[in-house]
Amino acid sequence: MVPLANSAAVALSFLFQRLKWPVPMSRWRTAKELRNLLNDPGTRASTTDVLLDYLDECKTESEVCEVLTIVFLTSPAGRPTRSAIVSCIHCPSILADMILERTYGLGGAMGGWEWTHSGRAPVDFEGGIYFEEHKEAHVPPIFLSNLKKLQGVSGHPFLRHWAYEWKILRDRLGTHCTRYPHYFDDVLDARAGIMGQYWQRIRDVYLSAYLRTLAYAVSEWGLPQKISEGYCVDMVHGIAGLFDVEPGVRPPWLSDFPERFCSPGADFAPLVRELVQAARAEGMRLVSLDTPVASSVQRFANLTFSAHLVAPDYELPEGAYLYEKMPLLLLADTFELKGLPAEITIEEASTEGKTGDEVAVCSCLFPIPFGTWQGDYFGMGLRIPAPYTVPNTKIRCTHESIDCIASDGKVASRTRIWTDNWTPPHPKGGSTRCGTATMIDQEVLAEAMERLGRKLAFFVRLRIWDREKEYGEYSESKRTCFLSDL
């Protein structure tokens, strides 16, 4: 039996081990609890001791960066000293230095990554079948794309070196070459393409080999360090602001609308009108929605709703799908979601109809970096009003929502997130059971319509993945509806 005096340390050790759990959202929850313990004066000292011990035992660059991200997201008063942190880092990297500088200020980087790579890869080196088959499975395809781009521009063998670093690191750590963990899911569903995103140990090897490849490129091939930093941001685990936004519960006004849209032969037009009227609260109205359908009604189904500003003569082309554009919001200097949204003009956002044109009221929020712990939110998509709809706003994250604040201090919009019986598996081309809704101030929307000389319209899409039998492939069906506001 563990003595009571030691139980807190044991519990903290168990909590840190949850950073190795394979589900990103679980890791985010763990990181948030650890951050809160560091922020609390009553638990700060004990949590710091365990954190430093955990960091001291990290054997890959990726693990180190995950721990440093927690420190970055902690208040200045709650952070361990820079010297204490640096003394425990045995796998330095370019990304680790980026996080350290954003945590402790300019000059906070430790360096040392220039010599931690494995040296020149043999000219005839090949990564092997497993590496090639899984380099876009265990990590997102963006990393392969990045190295292909660098190789194409420079002529240096970035891809071969990535495979070489992966082989050296895997052999040193004895990491198993694992495949998709079917034991986490329903076997028949997994065979039919219903899969989740699971972070296995081999993922750290791929990511760390990627960072070591960039380190080698800077020290041996003359790649500018600033350029290499831009290729690291896709690996950042969490960003300030968004990290604190908690998913809530499904909004009461949503009621059973998603399920009613799933009814056989459902008439979408009156349902859309009813939803628009129901989704009015505190002087705000709905302009964007992405929600799963209750699993008791349809296991894999999703309803999206978007508001559009259309020209008076706009006519939707047959079979057209309306969507919100996605300008990138670059946050590499701060790793924090706040301030001005990404710029996009009404000309860039508009699409032509049979006659006239349309623009979405909102644009998709996609910060770079976005924070991989919360990647499920971006698989679904988060929306805020586009700059041409509400000019001169600033993004502000709260515990409950992502708000856009107008120049007069008024909350112009509010984006909320929720989960609905959340599980990792989801259909190919779909997202996990997260929901989001963006509400905009009615007066702000009315002013935008008058200023731009446009009417309001709505586009709804229902997607259902289903199969006739309990086995076999799922097929996707879609229904859409376009309706002018009354």
Side-chain angles (χ1 to χ4, degrees), residues 1-93 95-105 107-110 112 173 199 201 203-204 207-208 235-247 334-336 371-374 397-400:
M1 183 174 179
V2 178
L4 186 61
N6 298 330
S7 61
V10 172
L12 275 170
S13 296
F14 273 109
L15 185 57
F16 270 94
Q17 290 305 311
R18 289 187 64 178
L19 286 175
K20 297 178 181 178
W21 281 23
V23 179
M25 191 171 285
S26 294
R27 294 197 187 196
W28 165 68
R29 286 287 186 196
T30 302
K32 197 166 187 179
E33 289 304 316
L34 291 170
R35 189 281 308 269
N36 293 343
L37 291 171
L38 288 170
N39 281 339
D40 185 342
T43 53
R44 181 175 301 153
S46 58
T47 307
T48 297
D49 290 342
V50 179
L51 181 143
L52 293 175
D53 288 343
Y54 184 87
L55 181 61
D56 188 59
E57 295 175 359
C58 289
K59 294 179 172 61
T60 64
E61 288 81 354
S62 174
E63 290 176 291
V64 168
C65 291
E66 192 162 24
V67 177
L68 291 181
T69 302
I70 297 173
V71 177
F72 163 70
L73 294 165
T74 302
S75 67
R79 294 168 181 161
T81 64
R82 177 192 172 277
S83 60
I85 286 290
V86 168
S87 68
C88 295
I89 296 176
H90 307 300
C91 300
S93 64
L95 179 57
D97 273 1
M98 293 173 69
I99 300 171
L100 286 168
E101 288 209 330
R102 284 148 187 80
T103 304
Y104 297 104
M110 66 174 289
L173 297 174
W199 291 0
R201 179 62 173 166
R203 174 181 180 273
D204 286 321
L207 293 178
S208 298
M235 204 181 298
V236 173
H237 292 85
I239 60 174
L242 181 64
F243 181 77
D244 285 306
V245 179
E246 277 286 329
T334 62
F335 289 6
E336 182 173 13
T372 56
W373 283 326
Q374 294 168 286
C397 293
T398 71
H399 178 75
E400 298 179 340

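In this text the structure is predicted, and so the values were computed from the model without any measurement.
Look at R35 and D244 and you find a salt bridge, because one of the NZ, NE, NH1 or NH2 atoms lies within 4.0 Å of a carboxylate O, short of that distance. Between E336 and R102, none of the side-chain N atoms (NZ, or NE/NH1/NH2) sits under 4.0 Å from a carboxylate O, so this pair counts as no salt bridge.
A 4.5 Å side-chain heavy-atom check between H399 and V245 finds every atom pair outside the cut-off. Contact annotation: the side chain of R201 approaches that of L173 to within less than 4.5 Å [non-hydrogen atoms, C-beta and beyond]. Inter-residue side-chain proximity for F243 and W28 is flagged as met; some heavy-atom pair is nearer than 4.5 Å. Put simply, the side chain of S93 does not reach to within 4.5 Å of the side chain of V64, judged on heavy atoms. When side chains are defined from C-beta on, F16 counts as touching L34, because their heavy atoms get closer than 4.5 Å. Counting heavy atoms from C-beta on, the side chains of L37 and L12 come closer than 4.5 Å. Contact check for L51 versus V67: side-chain heavy atoms found under the 4.5 Å cut-off. The shortest distance between side-chain heavy atoms of I85 and T103 does not fall below 4.5 Å.
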From CA spacing to verdict: side chain to side chain contact (heavy atoms under 4.5 Å, CB included), Q374, L242: CA-CA 9 Å; Q374 294 168 286; L242 181 64; 3.8 Å; yes
Stepwise side chain to side chain contact (heavy atoms under 4.5 Å, CB included) test for M98 and F335: CA-CA 10 Å; M98 293 173 69; F335 289 6; 4.0 Å; yes
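Remark: R82 fails to qualify as a cation-pi partner of Y104 under the 6.0 Å distance and 45° angle criteria applied to the six-membered ring.
For the residue pair E66 and T69, no side-chain donor N or O sits within less than 3.5 Å of a side-chain acceptor on the partner. Between the side chains of N39 and S75, at least one donor N or O lies within less than 3.5 Å of an accepting N or O.
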